[in-house]
Amino acid sequence: MTGQLNVLFEKEVSVLSDKKIISAIAARDERMLAYVVQKYSKLLWRIAASVLINAASVQDVEECVADVFIYLWQYPEKYDPDKAKLSSWLSVIARSRAVDSYRRITRKREISMEKIMVESLEYAEIATADEEMEHSMECLSSMEKLRSCIDGLDEKEKELVIRRYYYEQKPAEIAVALDMPKKQVENKLYYVRQKLRKMMEKQEGDIHEKIQQGKS
């Protein structure tokens, strides 16, 4: 009997406008919220997962989607049915929540400095067994310089570096996550690599100048 009632409820709700659905939620209709969760969960999952791909666990994506529905339940008045569809509004919130989650996660992790140097900036080489001891201090110094330069990038540039060289996301994946054209992502990555190279060269030049001043 309960199953039949649920089917009837879903049929009734399926013809309701977004305005009536949000009004019911504002009136604390839990069945209406459950209907919205069932209807839009897959859509919001795809959006959240596209941002958090290779950066978070399945649980992180689930929590992100759940946060969207919690926000809907707590603040139904924030949605204006005259300005957008409910699906569109929820999608915007899902992407925003996913981006926030991504940034929180990445702040807790360190960038693979060796990988960036070897694959991008070419400031370090993979040493052979005989060369390892000779180059260890030089590589360590280069990594510290690179870390300092990355700290000098703005937040958007840092995010590109982290996604590409820590999480090994391809430009196409980054483009989806950041809602940017793939070509623009590739151009920005090239610009950031060149910027880091110049920053390191300047840093090395400043150090050399100080050494010369100390000798004079």
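Sequential numbering from 1 along the given sequence is applied to the chain's residues. The structure presented is a predicted model; accordingly, all values stated were derived computationally and were not measured.
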Please answer: with hydrophobic residues joined when any side-chain heavy atoms are less than 4.5 Å apart, are [X] and [Y] in the same cluster?
X	Y	value
Tyr35	Tyr71	yes
Leu43	Val65	yes
Leu160	Val176	no

Exercise. Gln59: what forms a side chain to side chain donor-acceptor pair (under 3.5 Å) with it, not counting sequence neighbours?
Worked result: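 Scan of Gln59 (side chain to side chain donor-acceptor pair (under 3.5 Å), adjacent residues dropped) gives Glu63.
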So do [Y] and [X] actually touch side chain to side chain, heavy atoms under 4.5 Å?
X	Y	answer
Ser41	Glu62	no
Asp82	Lys19	yes
Leu86	Tyr40	yes
Glu201	Arg197	yes

So, taking the atom named [atom1] in [X] and the one named [atom2] in [Y], what distance separates them when rounded to the nearest 0.5 Å?
X	Y	atom1	atom2	answer
Ile70	Trp73	CD1	CH2	12.0 Å
Ile93	Tyr75	CD1	OH	11.5 Å
Ile25	Arg31	CD1	CZ	13.0 Å
Glu173	Leu178	CD	CG	11.5 Å
Asp60	Ser101	CG	OG	5.5 Å

Exercise. More than 12 non-hydrogen atoms from neighbouring residues, nucleotides or ligands closer than 6.0 Å to CD on Gln74, yes or no?
Worked result: yes
For this session: Please indicate whether Lys195 has more than 12 foreign heavy atoms, meaning atoms of other residues, nucleotides or ligands, lying under 6.0 Å from its NZ.
Result: yes
Exercise. Do Tyr191 and Gln194 pass the side chain to side chain contact (heavy atoms under 4.5 Å, CB included) test, and can you show the C-alpha distance, the side-chain angles, and the key distance before you say yes or no?
Worked result: CA-CA 5 Å; Tyr191 167 78; Gln194 296 302 310; 5.8 Å; no
Problem set entry | Short side-chain to backbone donor-acceptor contact, Tyr79 and Leu90, under 3.5 Å | no
For this session: Before giving the answer on side chain to side chain contact (heavy atoms under 4.5 Å, CB included), spell out for Tyr102 and Arg163 the whole-Å C-alpha distance, their side-chain angles and the decisive distance to 0.1 Å.
Result: CA-CA 10 Å; Tyr102 173 86; Arg163 284 183 178 275; 2.5 Å; yes
Please find the pair of heavy atoms, one from [X] and one from [Y], that lie closest to each other, and give the distance.
X	Y	result
Ala94	Cys64	O-SG, 3.8 Å
Leu153	Met199	CD2-SD, 4.2 Å
Val185	Ala175	CG2-CA, 3.8 Å
Ala48	Val61	CB-CG1, 4.0 Å

For this session: Check the pair Asp18, Trp89 against side chain to side chain contact (heavy atoms under 4.5 Å, CB included), reporting the backbone distance first and the verdict last.
Result: CA-CA 11 Å; Asp18 288 342; Trp89 185 71; over 6 Å; no
Exercise. Which pairs, with at least one residue in residues 64-80 and sequence neighbours excluded, count as a salt bridge (Lys or Arg N to Asp or Glu O under 4.0 Å)?
Worked result: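 Qualifying pairs: none.
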Exercise. Do you know which of Arg164, Glu157, Met180 makes side chain to side chain contact (heavy atoms under 4.5 Å, CB included) with Lys188?
Worked result: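 Only one of Arg164, Glu157, Met180 forms a side chain to side chain contact (heavy atoms under 4.5 Å, CB included) with Lys188, namely Met180.
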For this session: Among Leu44, Ile47, Val92, find the one that has a side chain to side chain contact (heavy atoms under 4.5 Å, CB included) with Val68.
Result: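 So the option named by the test is Leu44.
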